[in-house]
Protein chains: 4
Amino acid sequence: MSSVPAFKRLPRAVREQQMLDAAVKVFSRRGFHAASMDEIAEDAGISKPMVYAYLGTKEELFVACLHREGTRMMQAIAGAAAPDLPADERLWRGLRAFFGFVGAHRDGWAVLYRQARGEQPFAGELATMRARLVEVVAGMLDHALRVEGREIAAIDLEVVAYALVGATESLADWLADHPDADPEKTATRMMNVAWLGAAQLLHGVTWRPPAD
Amino acid sequence: MSSVPAFKRLPRAVREQQMLDAAVKVFSRRGFHAASMDEIAEDAGISKPMVYAYLGTKEELFVACLHREGTRMMQAIAGAAAPDLPADERLWRGLRAFFGFVGAHRDGWAVLYRQARGEQPFAGELATMRARLVEVVAGMLDHALRVEGREIAAIDLEVVAYALVGATESLADWLADHPDADPEKTATRMMNVAWLGAAQLLHGVTWRPPAD
Amino acid sequence: MSSVPAFKRLPRAVREQQMLDAAVKVFSRRGFHAASMDEIAEDAGISKPMVYAYLGTKEELFVACLHREGTRMMQAIAGAAAPDLPADERLWRGLRAFFGFVGAHRDGWAVLYRQARGEQPFAGELATMRARLVEVVAGMLDHALRVEGREIAAIDLEVVAYALVGATESLADWLADHPDADPEKTATRMMNVAWLGAAQLLHGVTWRPPAD
Amino acid sequence: MSSVPAFKRLPRAVREQQMLDAAVKVFSRRGFHAASMDEIAEDAGISKPMVYAYLGTKEELFVACLHREGTRMMQAIAGAAAPDLPADERLWRGLRAFFGFVGAHRDGWAVLYRQARGEQPFAGELATMRARLVEVVAGMLDHALRVEGREIAAIDLEVVAYALVGATESLADWLADHPDADPEKTATRMMNVAWLGAAQLLHGVTWRPPAD
DNA sequence: GATGAATGAGCCTTCATTCAT
DNA sequence: GATGAATGAAGGCTCATTCAT
């Protein structure tokens with residue numbers, strides 16, 4: 001009927017990416033609850049029923065966004081921090097890649113992630129993603145310790161890794177809130193916090209509570 | 001049991017506390033958006049209009065919760081970490097008080113705080129609270145540095161403090177999610193992350209990025 | 001207990017006037033529905049239950065306002081337009097008094113009256129008040145006609161009087177909306193509209209529809 | 001009866017008219033505030049969200065009613081009172097059309113209009129509509145005056161027109177309140193009030209206040 | 001495959017009104 | 001006489017979600 005061929009009848013994969021792009025944009029801008037399916041559909045240039053047909057419920061859609069952005073971030077890090085490098089080098093490259101990614105997608109990953117933390121429905125999803133990160137960091141520490149001939153309890157390892165990840169997330173927030181800040185410099189600062197402490201651990205220095 | 005004539009015509013101050021108790025509980029359990037004023041009112045054993053009359057809008061109510069719990073937490077910390085102690089002692093006592101508080105109010109403070117991070121309307125409120133914390137930590141570091149005859153740029157100080165606060169928040173989350181974990185042990189672990197690194201800084205050791 | 005004697009325990013009549021003053025003010029400013037009993041009570045410096053005890057329901061309160069202001073206005077007119085004056089003189093004095101009153105109470109009578117016209121509950125009350133006015137005007141016309149030895153059907157009299165009252169109300173609105181306008185000049189203009197036509201009627205001139 | 005497939009999936013334009021019909025009915029019957037969106041939706045045979053989707057807020061809906069009915073009325077008048085007729089003929093036809101319209105829509109226009117006068121939010125909308133009417137009437141008078149070789153100050157013209165419009169509105173109210181009254185006869189009466197006075201003006205007769 | 005039309009459900013908020021003190 | 005405390009009831013508005021075309 002219409003004489004305009006337009007961008008209709010695109011292959012499914014392309015459409016899905018368009019929708020995810022729109023969804024990431026709207027979720028970041030408005031937050032999960034304030035975002036409306038109407039706005040997402042409109043921003044994607046598509047009708048609402050299509051969104052439901054392709055990507056399901058609002059929650060499922062948010063999870064899909066989280067997934068895609070999280071995977072991209074993990075790939076950026078993994079591509080930079082080769083497993084065969086020495087621990088400090090690996091940590092540095094990983095952090096640099098991470099902050100570079102966050103800086104380059106200022107309204108993507110970091111914001112979505114921040115949104116997700118508060119909402120119960122995404123607890124599981126988030127736990128998985130953070131667990132992957134913590135595991136990687138803990139693995140690095142463990143590996144470095146073993147090289148030094150040391151070892152610490154798995155739970156201590158996890159908690160320390162958790163703290164480092166937390167510090168990193170916090171600086172990612174800081175970076176997202178300071179549009180003019182330099183990602184690389186932020187990574188350097190994080191190294192100063194993380195590595196100086198970690199290096200001590202590696203050499204067997206630990207802090208113990210006073211007798212009280 | 002109570003000397004109060006059984007749930008009727010209580011003075012305003014008492015009712016406000018009941019409402020805040022209920023609100024903290026419900027907000028923590030459900031999240032800001034999923035929480036309904038109906039449920040909060042019912043949980044407080046009072047009708048909805050009273051909540052509006054005493055504490056205002058849903059947003060205002062949430063902010064009131066944040067305020068009350070945040071103030072309590074700050075007091076717990078301030079009461080423990082006297083300003084005239086040496087830096088490590090102060091840090092240790094502050095952390096111990098903090099994790100003790102979080103552990104004792106596992107579904108109060110930490111969860112509210114987590115909620116607030118994702119929702120735009122509370123950004124300002126939160127920024128203020130975190131700024132207070134960051135300032136305290138940065139002040140401690142700065143003081144310790146000066147004692148050692150050193151000094152670092154204010155922005156570096158801020159970012160490092162920010163990272164430490166982030167690591168601490170992260171462990172607070174971890175603690176809130178692990179009901180059986182020991183607050184004191186968590187504080188010790190945080191000290192190991194924070195102090196070992198900080199002590200290095202105090203002695204003038206810094207990490208610098210490789211030539212690349 | 002209190003050492004302040006203040007303005008408490010005033011005689012009932014005084015209190016009622018205070019309340020009515022406040023009510024007129026608030027109703028005028030906000031409109032009947034948008035006005036809240038809270039605001040009225042607060043503005044009267046009295047607690048809400050007192051308002052209910054003295055003046056009853058919100059509707060009753062509004063009617064009371066209407067009554068008081070309407071009576072004042074009628075008195076102002078009646079005091080000016082003595083029944084033994086010739087018709088044109090009487091009309092002129094009446095109009096002058098009316099517009100003078102409206103101009104002097106710009107947010108009293110005219111506004112209340114305007115509010116009341118739209119709300120069903122006050123239809124009866126309003127009908128009564130307007131009927132009084134219409135009756136007065138119709139009486140004046142009838143009297144003048146009889147003096148001239150003429151007579152017209154009661155219903156025609158009523159409708160013409162109704163139209164004159166409507167024109168007057170309309171100019172009262174106009175006056176209320178033009179704070180700088182001069183009440184006396186407005187009265188003169190109304191006379192030009194009303195009396196020129198009426199005088200014709202008095203001399204037996206009437207307009208009839210064309211054959212069509 | 002109707003060719004429409006029985007109340008389901010109607011095109012937007014149709015539904016909008018149904019909604020406006022229902023809204024006019026309910027607003028007239030209950031008044032703006034007492035009318036509930038629920039009742040309007042139910043009366044239109046449709047769910048509430050549709051009303052919001054198509055016609056917006058309650059206020060916007062009321063304005064839409066005002067617009068539609070006002071436009072219809074203006075068209076009825078404009079269709080009857082051709083601009084090239086002599087002034088008295090034009091006035092007569094305009095009034096006849098107006099009262100005919102009011103009589104035919106006894107619970108439409110006049111009642112809505114009456115509601116709108118009391119409510120602040122619609123002041124602007126109303127001012128515009130009345131200004132149009134006043135302008136037309138003033139234009140007619142001015143034109144007739146010029147034909148007679150006379151002229152009066154613009155503000156006097158406006159105020160007189162305002163008074164005539166007010167008188168007309170008042171009789172429209174009267175007509176709406178008297179279901180058995182004859183619109184044409186009402187128009188004739190209005191002519192007797194308006195034209196006899198206006199004709200005097202046209203011949204240079206004016207009334208002036210006594211020396212006092 | 002694609003969409004305009006449609007809705008059930010629910011939430012925040014407000015208000016007139018009344019007890020119990 | 002006077003008031004702080006308390007509420008039942010309702011209303012506007014929005015949204016995720018799904019038919020019917």
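Sequence lines set the chain letters: A, B, ... in the order given, protein chains first and strands last, and positions in each chain run from 1.
Here the straight-line distance linking atom OH of A/Y54 with atom CD of A/Q18 works out to 10.0 Å at 0.5 Å rounding.
For the pair C/R30 CZ and E/dC15 P, the computed distance is 10 Å after rounding to whole Å. Distance, B/L55 CG to E/dT13 P: 13 Å, rounded to whole Å. Whole-Å rounding puts the D/E16 CD to E/dG4 P distance at 15 Å. Rounded to whole Å, the distance from CD1 on D/I46 to C1' on E/dG8 is 15 Å. Between B/E39 atom CD and E/dG10 atom P the separation is 13 Å, expressed in whole Å. Note: CZ (D/R12) to P (E/dT3) measures 17 Å, nearest angstrom.
Between D/F32 and D/F27, the ring planes lie parallel to each other; the angle is under 30°, not in the 30° to 60° tilted range.
Within the structure, every side-chain polar atom (N or O) of C/Y54 is placed at least 4.0 Å from both OP1 and OP2 of F/dG1. When the side-chain nitrogen and oxygen atoms of A/R15 are compared with OP1 and OP2 of E/dA2, one or more of them lie within a distance under 4.0 Å.
When the nucleotides F/dA6, E/dA2, E/dA6 are ranked by their closest atom to the side chain of D/M50, E/dA6 comes out on top.
Here E/dT13 sits opposite F/dA10 as a Watson-Crick or G-U wobble pair (both hydrogen-bonding atom distances under 3.5 Å). Judged by Watson-Crick or G-U wobble contacts below 3.5 Å, the nucleotide E/dT3 has F/dA20 as its partner.
Residues D/Q120 and C/R30 bring no donor and acceptor atom of their side chains to less than 3.5 Å of each other. A donor and an acceptor atom, one from each side chain of C/H33 and D/E119, are nowhere located under 3.5 Å apart.
Salt-bridge check for D/R117 with D/D173: failed, with every basic side-chain N at 4.0 Å or more from each acidic carboxylate O.
D/E60 places a side-chain N or O within 3.5 Å of a backbone atom of D/T57 that can act as its donor or acceptor partner.
Contact check for D/M129 versus D/H67: no side-chain heavy atoms found under the 4.5 Å cut-off.
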* To do: Give the B/S/- string for nucleotides 14-21 of chain F, one per nucleotide from 5' to 3', where a protein heavy atom under 4.0 Å of the base yields B, of only the sugar-phosphate yields S, and otherwise -.
  => BBSBBBS-
